[in-house]
Amino acid sequence: MARFYITTPIYYVKDAPHVGHAYTTVNADALARWHRLVGDEVLFLTGTDEHGLKVARAAEEQGLTPLEWTNGMAPRFQDAWAALDISNDDFIRTTEERHRKAVQAMLGKIHDNGFIYAAPYEGFYCVGCERYYAEDELLDGGLCPDHGKPVELMSEENYFFRLSAFQDRLIDWYEQQPEAVLPASKRNEALSFIKGGLHDISITRTSISWGIEVPWDPKHVFYVWYDALINYLTAIGYGSDDPAEQQRFADWWPAVHHLIGKEIIRFHCVWWPAMCMAAGLEPPAHIQVHGWLLLGGAKMSNSSVDRITPSDLIDEYGVDPIRYHLLRDTPLGTDGEFSAEGIVARYNSDLANNLGNLLSRVATVVGSKCDGIGPAPETTSRLAGVATEVLAEASAAWNAGQPQQALEATWRLVRETNAELETVEPWKADPGPQVDAVLGSALEVLRIVAILIVPAMPGTAREIWRRIGLEGLPEDQRLPDSARWGGYPAGRPVEKAPPLFPRRKVQA
Ligand code: MSP
C-alpha cells in the first residue's frame, strides 16, 4: 500500500475563506479521495496561518487581541470546508503548541547547523504579501507588484537564513528530480530564479510580537512565512519527543504532495527545499503549482469587490455542482475566469443533461418495463469496452493530479451510455431480453460512474448508489477491482425520484 500525503497552503485568517481558497482545497480533497479509492493510505492536511503582521492588524482593527481574532476565524475555515464536504484528516493552526515546538525544533536545528546569522536589515515590506521586496521588484510609484498598494520601509535587527549557500544544491536537486515541481513551466520559473542568484533572507522580526519566539533570542519572533512552511512537518510529528510521532514523521516525509497557487512558488520551490536541506531533511517530493481563479481578469481575493464566499455558492447551486465546476472548468496549472454563466453552463451540460438525465431515464424505464427491478448488465455490451478505456484514462489523469482530465474522461462514459439508450430506445420497445440488456448495462455504467465520481461529488455518488439499489457506500469500493464490468447485481429495486440536477437558468 502506498502512502499519499497531500497538503494545501495554510490560509491567512485575515478574513473568512473565499472561492479562491476553496479552489485549492476542493482539488486537494478530490486527489485525497481518489487515493483513498485506490487503497492508498492518505493523509490530507489543511489549516490556517495565524501569525504575522497582516493578522495582527486585522485583529487590531476590530479591537481584539490576535489570538481572540484567530480563534474566531479558524472555525470559519473549518465550517466552510465541512460545508464543501472536504475530507481533511487534520486541520493545523499555527498557534497550536505542537506547531510552536516543531518550528523551534526545525529552526533551532538550522541555527545549530550554522545557516542562520544576525545582521541589520532595512527594506520595503508589503503587509498584504507578508514579505520584503527589492526596489527593482516594485511597480512604478513603489507599489507592491501583487497588491498594487504602497509598500512600507521597515528597518530592524534580525536573523538571516543563509539561502545563498544552497544555490548549487538546489540546482542539483532540480536536475536530479525533474518532476519534483510541476508543471514544467513553473519548475523552469523557479529554477531560473535560483540560477539568477540567491540572497540570504531575513527570517525574524523584533518589530512585532505576534509570532513564534526564536528559541535562542526571545526578543525576536520568526517571520510568518518561516513559521508557516513548517506546518507540513508539524502535522506528521516533527519535533515531537514521542517515539511514535517520530516514527510517523519517518513514515510520511518526504513523500509529500504540496498543492499551491502560483503566487507562492518562491516560498515553496526555493526557500522550503533549502530550509529542509539546511535542517538535514530531504526536500519535499512533489510540489504541484496551480493557477488562479479570476474575476473580471483579476485574481479573486479577499479584496475583490465582488467577494464571493463558498457558502454563497453552495446556497445557490448545491455542494456537488460547485465542487464539480471548480474541478472541471479550471485545469490545475492554468488560470480560469470565474462566472455564474460558467457554473450554470457546466451544470446544465454535464450534470442536468448528461448524468442526471441518464439516472432519471434509466429509473423511469426500469419502472415502466421491468417493474422497478434492475436487470443484469449485458456481458458483451459495447459499453463494457468504453468503461474499461475510461477507467484507464481517468486513473491516469487522477494519478497525474489532473482532475479536469479525469472528469472529462468519465463523462465520455456517461455520454456514450445516453447515446446507446437513444439508439435502442427501450422506452418504445416491449419488455423482454433486449430491453433488460440495455437497461442492465446502463445501470452498470451508473454503478461504475458512481465510484469514479466519488472524488469530485461524494454526495451525488452516494445518492446514485442508493437509488440504483446498491448496498454499502461507493467510497468504500476499491479500484480498479470494483469497476470491472458486470458488478451490478440484478434484482435490486431502482428508485424513481425527482431529477438529481434540475436544469437551471443564469440568475441576473
Ligand atoms: N498563508 C500563506 C500560505 C502559507 S503555506 C505554508 C498564503 N495564504 S493565502 O490565504 O493567501 O492563500 C493562498 C492560497 O490560496 C493560494 O496559494 C491558492 O492556493 C489559494 N488561492 C487564493 N486565491 C486564489 C485564487 N484566486 N485562485 C486560486 N487559488 C487561490 O498565501
Side-chain angles (χ1 to χ4, degrees), residues 6-29 31 45-55 58 70 73-74 76-77 80-81 86 91-95 99 102-103 106 126-131 144 146-147 186 211-212 222-235 256-273 275-276 284 287-310 325-327 329-339 401:
I6 182 157
T7 67
T8 72
I10 48 172
Y11 304 110
Y12 288 129
V13 290
K14 183 178 162 288
D15 221 325
H18 58 73
V19 177
H21 300 133
Y23 176 71
T24 312
T25 310
V26 166
N27 272 283
D29 184 62
L31 294 172
L45 175 70
T46 186
T48 41
D49 190 352
E50 305 191 3
H51 292 126
L53 202 47
K54 193 195 305 231
V55 171
T70 61
M73 291 306 290
R76 299 187 57 179
F77 282 80
W81 302 155
I86 302 300
F91 186 97
I92 189 163
R93 296 183 54 188
T94 54
T95 45
H99 185 61
V103 168
M106 187 191 201
C126 171
V127 177
C129 299
E130 293 281 14
R131 61 166 280 196
C144 161
D146 196 10
H147 291 84
K186 300 302 180 197
I212 293 178
F222 287 113
Y223 165 44
V224 60
W225 262 102
Y226 272 85
D227 142 7
L229 288 161
I230 298 170
N231 90 86
Y232 303 131
L233 303 185
T234 307
V256 66
H257 195 107
H258 293 312
L259 187 60
I260 63 163
K262 66 181 182 181
E263 79 288 4
I264 54 179
I265 290 184
R266 276 188 206 174
F267 300 102
H268 283 82
C269 307
V270 183
W271 300 11
W272 178 229
M275 278 169 76
C276 291
I287 304 170
Q288 184 177 1
V289 183
H290 67 69
W292 289 338
L293 286 186
L294 308 173
L295 201 61
K299 180 183 172 210
M300 288 183 92
S301 70
N302 278 318
S303 44
S304 298
V305 196
D306 305 300
R307 188 173 185 286
I308 303 171
T309 69
H325 165 73
L326 292 174
L327 295 166
D329 282 315
T330 305
L332 280 180
T334 56
D335 293 348
E337 185 67 34
F338 182 89
S339 71

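All ligand and atom numbering here is 1-based and tracks the order in the structure. All values below come from the heavy atoms of this structure, side chains included, with hydrogens, waters and symmetry mates left out.
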Enquirer: Looking at the rings of Y23 and W292, which for Trp means the six-membered one, are their centres under 6.0 Å apart?
Expert: no

Enquirer: So, do Y232 and H268 have ring centers that fall under 6.0 Å from each other?
Expert: yes

Enquirer: Which pairs of N or O atoms, one from ligand 1 and one from the protein, are separated by less than 3.5 Å, and what is the distance for each pair?
Expert:
from     : atom 1 : to   : atom 2 : distance (Å)
ligand 1 : 1 (N)  : I10  : O      : 2.8
ligand 1 : 1 (N)  : D49  : OD2    : 2.7
ligand 1 : 10 (O) : Y12  : N      : 3.0
ligand 1 : 10 (O) : H21  : NE2    : 3.3
ligand 1 : 17 (O) : G261 : N      : 3.0
ligand 1 : 17 (O) : E263 : OE2    : 2.9
ligand 1 : 19 (O) : T24  : OG1    : 2.6
ligand 1 : 19 (O) : G261 : N      : 3.4
ligand 1 : 19 (O) : H290 : NE2    : 3.3
ligand 1 : 21 (N) : G20  : O      : 3.4
ligand 1 : 26 (N) : L293 : O      : 3.0
ligand 1 : 26 (N) : M300 : N      : 3.3
ligand 1 : 26 (N) : M300 : O      : 2.9
ligand 1 : 27 (N) : L293 : N      : 2.8
ligand 1 : 29 (N) : G20  : O      : 3.2

Enquirer: Considering only heavy atoms from C-beta outward, does the side chain of T25 approach that of F77 to under 4.5 Å?
Expert: no

Enquirer: To the nearest 0.5 Å, tell me how far I10 CD1 sits from H99 NE2.
Expert: 6.0 Å

Enquirer: Passes side chain to side chain donor-acceptor pair (under 3.5 Å), E50 versus T48? Steps please.
Expert: CA-CA 6 Å; E50 305 191 3; T48 41; 2.7 Å; yes

Enquirer: Do the side chains of L259 and T8 get nearer than 4.5 Å, heavy atoms only?
Expert: no

